[in-house]
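Okay, structure first, notes after.
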Amino acid sequence: MTAAEQIRAELVRAARSLGAPEDVDPLLERPRETSHGDWATNLAMVLAKPLRSKPRDIADRLREAIDLERAGVSRIEVAGPGFMNFWLDAGRIASGLSEIISADERYGQSDAGGGKVVNVEFVSANPTGPLHVGHGRQAALGDAISTLLETTGWKVTREFYYNDAGVQIDNLARSVDARLSELDGNSSEIPEGGYHGEYIRELAERYKTDNEGMSVREFAVRELRREQDLDLQAFGVRFDKYFLESSLYTDGMVEETVRLLIASGKTYEHDGALWLRTTDFGDDKDRVMRKSDGTYTYFLPDVAYHVTKWKRGFHRAIDVQGADHHSTVTRVRAGLKALEMGMSGEYPEYVLHQMVTVMKHGEEVKISKRAGSYVTVRDLVNEVGRDAVRYFFLMRKSDSQLIFNVDLAASQSEENPIYYIQMAHARMCGIFRVGEIDPASVSADGAPLEVLSEPEEQELIKALLDFPALVESAAETLEPHRIATYLLETARVAHLWYHKHHVLEQAEDITRARLALARGAQIVLRNGMRILGITSPERM
RNA sequence: GCGCGCGUAGCUCAGUUGGAUAGAGCGUCGGCCUCCGGAGCCGAAGGUCGUGGGUUCGAGUCCCGCCGCGCGCACCA
């Protein structure tokens, strides 16, 4: 039982004894201000109405009714309008280290997800060019969200959806064709909607020398998919499933979905096209699903694709996409809802991220897809390393725009948050290295943890003990940036402690206890970085 | 024009789902350091939380109106 749970249980007992409603569920939180104790509750204010008394009076009576020992606290104060502040005793705090060390790599894990399956789809780039920064943000986000969910007891399938069937692939083939005919000495223009990047020229050259009898289209898609796979590999992202849009046509899923939608009665014919009444589901206008020329708009295969997710058993699905795809959300959900297959209006869940701006040498690197000039994931990885790229993509919440400062990410100094965090971990490792101690042999059991009474020690332990609750709530809200923020703060506290208090060559009981703390910090920093997909080097 | 997101210190951003005196890093200014790695540490200055209303014991957080920025508004994807 954690300290908070222990306080809560006793608080409930005390509240019931004062006549509080049966479902009383006190909220415990960590005050920002240390002078407000280790834990605080606003319970007395919440009970003011049902008990028809002043919050402060209720708080005083609660305080009287609470058994300090059973709550595991040393002191309770009533403050402000009726807050109750709790102080844990130093021994109670330090004893939390035992749990961290014995759990080791499992520390921070939970079974909140109950082993249920969830599908996380991300990147899903069209095979029409290299992966750019936006895809990078998505790759980092999707992978971290997946790991967060795994850490909290979900069974995750990481999925990549290839749009290999649409008009954009035709445009790709025609663009390569144009470059091919240029190679043959004929002047030729990249077609409208085509791709202008230098890689198209390179594709044409490779096709000319070694096309293995493939069509331009097949060759280009194969090569670009291979390139993207290499980029993802360099980034350390691995997918469990690659889903091809084209398969939705070959296996009849698209046709099937159209039939079902028509049967649902939510469609109508107008101007020779087939429309879906998405306005019934909150859209601002109805949408065409089959054009008058008989081909489908993109959102129909999207609906069909999500039907397959549902049918494959994923009753929870998360799509990570750029915010520029925002308009698709209502449409896809409307299509799925119209099918009445039992999905809620929230299926699938979307994590949309805002755009990335790349700054280099103090200037914005302009991105022009049309001219084919943009920063690729591979450029970034080559320039600043995988860990820094991942951390920078994850340090901001997804719905705010992100400025990627290449110079900062590349710098090997304390200004660079990723170095700062990794350095904190490496320092903990350094203690064991210098002391010639196997960290795995360090145990908190039997160690005199009560000697860890310095303010920096108490602060560090408290930070470490916050980790599991943080992981759980970050997983719930699908917000990996909270792990990033936490790591930076915890690294700060660890540096501070490291600087002020020595571990080795102290009195024996102090060294023993501090080794346990160093071990705890090492474990938490490492586990946190692992969630973000970042390595935790033992020396830097 | 409509929809979504954002607006917090000079800069880049957090803010525990409505709590107490709004925080961090960088930058600036001042100071410290014979150390398990100086890739260090301490301190200070710096704020009308875009703005005007509303909701309530209590608002950076929720609601409404404005202003600014980004993205999206096809029988494109």
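Numbered from 1 within each chain, the chains take letters A, B, ... in sequence-line order.
Look at the C1' atom in both B:G46 and B:U51: the space between them is 22 Å, to the nearest Å. Distance noted for atom P between B:U8 and B:C49: 11 Å (whole Å). When the C1' atom is used for both B:G5 and B:A20, the distance is 31 Å, rounded to whole Å. Of the P atoms belonging to B:C71 and B:C13, the separation is 16 Å, rounded to the nearest Å. B:G58 sits 15 Å from B:G54 when the C1' atoms are compared, rounded to a whole Å. B:C6 sits 34 Å from B:C42 when the P atoms are compared, rounded to a whole Å. Here the separation of B:G18 from B:C41, taken at their P atoms, is 35 Å to the nearest Å. B:G47 and B:C36: their P atoms are spaced 41 Å apart (whole Å).
What separates CZ of A:Phe404 from P of B:C11 is a distance of 22 Å, to the nearest Å. Rounded to whole Å, the distance from CZ on A:Phe392 to P on B:C26 is 13 Å. At whole-Å resolution of the value, CG in A:Asn405 and C1' in B:G27 are 13 Å apart. Taking atom CG on A:Leu408 and atom P on B:C13, their separation rounds to 12 Å, with Å as the unit. Here B:C26 presents its C1' atom at 14 Å from CD1 of A:Ile403, a figure rounded to the nearest Å. In this structure, the CZ atom of A:Arg56 is 15 Å from the C1' atom of B:G58, given to the nearest Å. Rounded to an integer number of Å, the gap from A:Arg433 CZ to B:C36 P is 14 Å. What separates CD1 of A:Ile421 from P of B:A24 is a distance of 17 Å, to the nearest Å.
By the salt bridge (Lys or Arg N to Asp or Glu O under 4.0 Å) test, A:Arg290 is found to be paired with A:Glu269, residues two or more places apart in sequence or in another chain being considered. In this structure A:Gln354 satisfies the side chain to side chain donor-acceptor pair (under 3.5 Å) test with no other residue, sequence neighbours excluded.
Relative orientation of the A:Tyr162 and A:Tyr242 rings is parallel, given thresholds of 30° and 60° on the angle between their planes. Classified by interplanar angle (parallel below 30°, tilted 30° to 60°, perpendicular above 60°), the ring pair A:Tyr347/A:His306 is perpendicular. Under the 30°/60° scheme for interplanar angles, the aromatic rings of A:Tyr268 and A:Trp275 are found to lie parallel.
As judged by a 4.0 angstrom heavy-atom cut-off over every strand, A:Val503 is placed among the base-contacting residues. Contacts of A:His501 with the nucleic acid, taken as non-hydrogen atoms under 4.0 Å apart, include base atoms. Across all strands, A:Leu504 comes closer than 4.0 Å to base atoms (heavy-atom distances).
Judged by distance alone, the side chain of A:Arg287 and the main-chain N or O of A:Leu276 form no donor-acceptor pair under 3.5 Å. A side-chain donor-acceptor contact under 3.5 Å links A:Thr250 to the backbone of A:Ser247. In this structure, A:Arg396 contributes its side chain and A:Gln401 its backbone to no donor-acceptor pair below 3.5 Å. In this structure, A:Gln168 contributes its side chain and A:Asn163 its backbone to a donor-acceptor pair below 3.5 Å.
Here B:G40 is the nucleotide among B:G40, B:C6, B:C36 with the atom lying nearest to any side-chain atom of A:Arg427.
Annotated as syn: B:U17, whose O4'-C1'-N torsion sits within 90° of 0.
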For every nucleotide of nucleotides 70-77 of chain B, 5' to 3': is a protein heavy atom under 4.0 Å from its base (B), only from its sugar-phosphate (S), or from neither (-)?
SSS--BSB

Classify every nucleotide of nucleotides 14-21 of chain B by which part a protein heavy atom approaches to under 4.0 Å, writing B for the base, S for the sugar-phosphate alone and - for neither, in 5'-to-3' order.
SSBB-BB-

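Looking at heavy atoms from C-beta onward, A:Ile534 lies out of side-chain contact with A:Ile421 at the 4.5 angstrom threshold.
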Short heteroatom pairs, N/O only, protein and nucleotides 42-46 of chain B, under 3.5 Å:
none

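For the pairing with A:Asp38, the side-chain hydrogen bond (donor to acceptor under 3.5 Å, both in side chains) check across A:Lys462, A:Gln458, A:Arg75 returns one residue only, A:Lys462.
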Full working for side-chain hydrogen bond (donor to acceptor under 3.5 Å, both in side chains) between A:Gln228 and A:Arg225:
CA-CA 5 Å; A:Gln228 290 186 352; A:Arg225 281 190 57 180; over 6 Å; no

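How far CZ of A:Phe299 is from OG of A:Ser327: 11.0 Å, rounded to the nearest 0.5 Å. Interatomic distance, CG of A:Leu300 versus CG of A:Leu261, reported as 6.5 Å (0.5 Å rounding). Remark: A:Asp57 CG to A:Leu18 CG distance equals 11.5 Å, nearest 0.5 Å.
Taking a pair as Watson-Crick or G-U wobble with both distances under 3.5 Å, RNA chain B forms stems of 3 or more consecutive pairs at B:1-7 with B:67-73, B:10-13 with B:23-26, B:28-32 with B:40-44, B:50-54 with B:62-66.
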